[in-house]
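Let me begin by presenting the structure, written as structure tokens, before commenting on it.
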Amino acid sequence: VQLQASGGGLVQAGGSLSLSCAASGRTFSSGAMGWFRQAPGKEREFVATINWSSGFAYYSDSVKGRFTISRDNVKNTGYLQMNSLSPEDTAVYYCAVDTGPLRVGAVAAVAPYYDFWGQGTLVTVSS
């Protein structure tokens with residue numbers, strides 16, 4: 001399985017970016033796709049996740065209301081729409097796939113549950 005993340009770039013504070021994560025090598029009808037990020041000098045943190053089959057989404061408090069995660073099961077692709085970006089959102093964003101059973105709430109944010117990881121795409125938000 002390969003995950004290819006794209007869409008990162010430089011944006012001014014208050015702006016928007018849309019990230020994509022294309023999965024190849026396997027069709028996902030269960031499990032979840034998640035987004036994580038790692039800012040310079042900081043630990044990796046959870047951003048959002050969406051269940052492939054139900055579409056149920058879960059967000060970190062830091063992005064709730066500003067970011068929207070979605071997926072296209074036909075294209076085997078996940079998306080992260082990021083609005084109202086701030087410099088604190090600057091990070092390398094990673095997509096990942098959890099092939100396990102349905103996980104609800106905070107447990108869906110646990111990174112070790114994610115089996116496959118993309119290479120990351122850099123998002124830089126200038127002030």
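Here the structure is a predicted model, which means the values were calculated and not measured.
Counting all heavy atoms, side chain and backbone alike, L3 lies closest to A96 at CD1-CA, 3.7 Å. Listed here is the closest heavy atom pair of L122 and A91: CD1-O, 3.6 Å. In terms of heavy-atom proximity, W52 sits nearest to V97 at NE1-CG1, 4.2 Å. The two residues T49 and A32 come nearest to each other via the heavy atoms OG1-CB, 3.7 Å. Contact detail for D98 and Y113: the closest heavy-atom pair is OD1-O, 3.1 Å. Contact between P40 and T90 at its shortest, heavy atoms only, is CD-O, 4.4 Å.
Sorted pairs that involve residues 116-127 and meet side chain to side chain donor-acceptor pair (under 3.5 Å), not counting sequence neighbours, are lacking altogether. For residues 59-89, no pair satisfies ring-ring contact (aromatic ring centres under 6.0 Å, His included), with sequence neighbours left out. Under the salt bridge (Lys or Arg N to Asp or Glu O under 4.0 Å) criterion, no residue pair touches residues 117-127, with sequence neighbours excluded.
Note that SG of C95 is 5.0 Å distant from CE of M33, once rounded to the nearest 0.5 Å. Summarising the geometry, atom CG belonging to L19 is positioned 4.5 Å from atom CH2 belonging to W35; distances are rounded to the nearest 0.5 Å.
Under the 4.5 Å side-chain contact rule for hydrophobic residues, M82 and V125 share a cluster. A continuous path of hydrophobic side-chain contacts links V11 to V47 [ILVMFWY only; heavy atoms under 4.5 Å]. In the hydrophobic clustering of ILVMFWY residues, with side-chain heavy atoms under 4.5 Å counting as a link, V110 and Y114 come out together. Following chains of ILVMFWY side-chain contacts shorter than 4.5 Å, one cannot reach F116 starting from F36, and the two form parts of different hydrophobic clusters. A single hydrophobic cluster is not seen to contain both V107 and I50; linkage of ILVMFWY side chains at heavy-atom distances under 4.5 Å, directly or through other members, places them apart.
Listed by chain and number, the residues in a side-chain hydrogen bond (donor to acceptor under 3.5 Å, both in side chains) with S60 are S62 (sequence neighbours excluded). Taking R71 as the reference, nothing meets the salt bridge (Lys or Arg N to Asp or Glu O under 4.0 Å) condition, with sequence neighbours excluded. Residues that satisfy the salt bridge (Lys or Arg N to Asp or Glu O under 4.0 Å) test with K64, not counting sequence neighbours, are D61. For the salt bridge (Lys or Arg N to Asp or Glu O under 4.0 Å) test, no residue two or more places apart in sequence or in another chain qualifies with E88. Scanning for salt bridge (Lys or Arg N to Asp or Glu O under 4.0 Å) contacts around R66 gives D89, with sequence neighbours left out. A search for side-chain hydrogen bond (donor to acceptor under 3.5 Å, both in side chains) contacts involving E45 returns R37, not counting sequence neighbours. For S16, the side chain to side chain contact (heavy atoms under 4.5 Å, CB included) partners two or more places apart in sequence, or in a different chain, are Q81, N83. With sequence neighbours excluded, the residues forming a side-chain hydrogen bond (donor to acceptor under 3.5 Å, both in side chains) with T99 are D115, listed by chain and number. With sequence neighbours left out, N51 forms a side-chain hydrogen bond (donor to acceptor under 3.5 Å, both in side chains) with S53, S54.
Within a 6.0 Å sphere centred on CD of Q2, heavy atoms belonging to other residues, nucleotides or ligands number 12 at most.
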